[in-house]
Engineer: 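Here it is, the structure in full.
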Amino acid sequence: MQEKIRYEIEVPINSSPQLLYQYISTPSGLSEWFADNVNSRGEFFTFIWDDSEEEARLSSKRSGERVKFRWIDENRKDTDYYFEIRILEDELTKDVSIMVVDFADEDELQESKQLWENQISDLKHVIGSV
């Protein structure tokens, strides 16, 4: 099996870190922009898109700053892959941006980055940051 490539994208967003955190860390917030539906049981989250379901474990979080979800297999064991969403705030300008760390197959790298950019665009629309 081909190993996936780790990549990062950063997108400026006009919002407070506290508001953004609600949209990246809760099932209801994530359902508004990231997936069609998100359910959670404890640290396990189910992400639903159309006819597809993926499960991940909330492996770490820091309130107001970041969340990290590690994809799990059918036995609920951690895989090597995760996605992390960080909220960055410039100390001087107070400009806020979202940094995404994710993995993709080499031949799907551009498509994966574009998907994240589209999803973050949806997030901006939801929070009125357009």
Engineer: Mind checking what makes side-chain hydrogen bond (donor to acceptor under 3.5 Å, both in side chains) contact with Arg57, not counting sequence neighbours?
Structural biologist: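 Residues passing side-chain hydrogen bond (donor to acceptor under 3.5 Å, both in side chains) with Arg57: Asp78.
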Engineer: For Lys61, is the NZ atom crowded, meaning more than 12 foreign heavy atoms sit under 6.0 Å from it?
Structural biologist: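 Check fails, neighbour count at 12 or below.
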Engineer: Please examine the side chains of Val96 and Ile87, heavy atoms only from C-beta on, and report whether any two atoms are closer than 4.5 Å.
Structural biologist: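 Sidechains of Val96 and Ile87: in contact.
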Engineer: Are the side chains of Lys77 and Ile72 in touch, meaning some heavy atoms are under 4.5 Å apart?
Structural biologist: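 Heavy-atom side-chain distance check fails, nothing below 4.5 Å.
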Engineer: Is any side-chain heavy atom of Val100 closer than 4.5 Å to a side-chain heavy atom of Ile120?
Structural biologist: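 Sidechains of Ile120 and Val100: in contact.
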Engineer: Taking C-beta and beyond as the side chain, do Val11 and Ile13 meet within less than 4.5 Å on heavy atoms?
Structural biologist: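 No, too far: nothing below the 4.5 Å cut-off.
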Engineer: Using the benzene-type ring in the case of Trp, are the ring centres of Trp71 and Phe83 under 6.0 Å apart?
Structural biologist: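 They qualify: ring centres under 6.0 Å apart.
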Engineer: Can you tell which of Phe103, Phe47, Tyr81 makes a ring pair (Phe, Tyr, Trp, His ring centres under 6.0 Å) with Phe69?
Structural biologist: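 Answer to the ring pair (Phe, Tyr, Trp, His ring centres under 6.0 Å) test with Phe69 among Phe103, Phe47, Tyr81: Phe47.
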Engineer: Is the CZ atom of Arg6 crowded by more than 12 outside heavy atoms at less than 6.0 Å?
Structural biologist: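 Yes, CZ of Arg6 has more than 12 neighbouring heavy atoms, counting only those of other groups under 6.0 Å.
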Engineer: State, to 0.1 Å, how close Thr79 and Asp73 come at their nearest heavy-atom pair, and which atoms those are.
Structural biologist: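 Heavy atoms only, the tightest pair is CG2-N, 3.8 Å.
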Engineer: Going hydrophobic residue to hydrophobic residue with side-chain gaps under 4.5 angstrom, can you get from Leu115 over to Phe34?
Structural biologist: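 Different hydrophobic clusters.
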Engineer: Testing the basics here: between Trp49 and Ala35, what is the closest heavy-atom pair and its distance to 0.1 Å?
Structural biologist: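 So the minimum-distance heavy-atom pair works out to NE1-CA, 3.4 Å.
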Engineer: Determine whether more than 12 heavy atoms belonging to other residues, nucleotides or ligands lie under 6.0 Å from atom CG of Asp51.
Structural biologist: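 Open: at most 12 neighbouring heavy atoms sit under 6.0 Å from CG of Asp51.
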Engineer: Does Glu65 pair with Arg86 as a salt bridge, N-O distance under 4.0 Å?
Structural biologist: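 A salt bridge is absent here (no side-chain N lies under 4.0 Å from a carboxylate O).
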Engineer: Could you tell me the separation between the OG atom of Ser121 and the CD atom of Gln114, rounded to the nearest 0.5 Å?
Structural biologist: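 Nearest 0.5 Å value for the OG-CD distance: 9.5 Å.
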